[in-house]
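A short worksheet on the structure shown next.
For the numbers below, each heavy atom of this structure counts, side chains included, while hydrogens, waters and symmetry mates do not. Quick caveat, the model's predicted, so the values are computed rather than measured.
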Amino acid sequence: KTLSAALQLISDSCPVNMDLVATFCGALCYLKATPGLANGGCVSLTSKLIPGLVYLTPVPIILTAESIVHESAHLCLTCRERTSELYLDTECRFRTPLRPDPRPVSGLLHQVWVLLHLVHLYDKLLQNRSSVVARNEEKVRNRRRLHSEGLEQGLAVLNGARSALTKDGVELFSRLSNAAVAL
């Protein structure tokens with residue numbers, strides 16, 4: 001029921017992200033965390049060994065929608081990485097906003113790519129004003145703000161890491177920067 005409601009919420013609110021999900025997410029699989037997660041905890045992930053499969057823990061509708069879009073965005077960029085050289089230097093590491101450990105430029109680009117999709121999702125959720133969003137408006141606004149701050153910080157770090165990107169990588173970074181400004 002939650003998966004269906006989350007997919008419907010994405011579809012009703014943000015057709016662009018629904019296209020992303022429909023194109024890159026082939027299956028959704030619930031995970032049972034042992035020991036259980038703290039209240040409000042959420043885990044989602046994909047595997048490069050099984051493209052199209054999104055794993056996620058059961059959470060409320062809005063966070064389920066976020067997890068699905070988040071992982072579909074990763075799957076999309078992973079597909080692009082297979083067909084286009086984006087990175088010149090895969091060894092250098094960068095401190096990024098959302099993780100304490102230094103990450104390769106690919107991880108940084110994934111972070112920015114995903115956050116752009118999530119800010120867009122939350123913008124559209126707030127515009128749609130479904131009943132589930134209306135009941136959780138403050139939480140939705142907080143998630144949007146949190147992702148927007150991470151996106152801004154990630155873009156700043158990625159700007160400083162441009163020398164680790166190929167021409168295609170720099171072009172993608174420019175498109176991401178322009179899209180972020182438009183939000």
So do [Y] and [X] actually touch side chain to side chain, heavy atoms under 4.5 Å?
X: Glu81; Y: Tyr87; result: yes
X: Ser131; Y: Arg135; result: yes
X: Asp123; Y: Leu125; result: no
X: Met18; Y: Leu7; result: yes

Within the side chain of [X], is there an N or O that forms a donor-acceptor pair under 3.5 Å with the backbone of [Y]?
X: Asp89; Y: Leu165; value: no
X: Arg93; Y: Thr90; value: yes
X: Trp113; Y: Ala73; value: yes
X: Arg95; Y: Pro100; value: yes
X: Thr83; Y: Arg80; value: yes
X: Ser67; Y: Leu56; value: no
X: Thr23; Y: Asp19; value: yes
X: Ser13; Y: Asn128; value: no

**Report entry** Same apolar cluster (I L V M F W Y, side chains within < 4.5 Å links), Leu3/Val54
**Finding:** yes
Query raised in the report: What about Val16 and Leu75, same hydrophobic cluster or not, with Ile/Leu/Val/Met/Phe/Trp/Tyr joined at side-chain heavy-atom distances under 4.5 Å?
Result: no
**Report entry** Test item: side-chain donor near acceptor, Thr78 and Arg82, under 3.5 Å
**Finding:** no
Requested in this report: State whether a side-chain donor-acceptor pair under 3.5 Å links Gln111 with Thr96.
Outcome: yes
Requested in this report: For the pair Glu66 and Tyr122, evaluate side chain to side chain donor-acceptor pair (under 3.5 Å) and give the outcome as yes or no after the intermediate values.
Outcome: CA-CA 9 Å; Glu66 177 181 325; Tyr122 277 100; 2.5 Å; yes
Report task. Count the heavy atoms of every other residue, nucleotide or ligand shown that sit under 6.0 Å from CD of Glu152, and state whether that count exceeds 12. Result -> no
Requested in this report: Please check if atom CD in Glu149 has more than 12 non-hydrogen atoms from other residues, nucleotides or ligands closer than 6.0 Å.
Outcome: yes
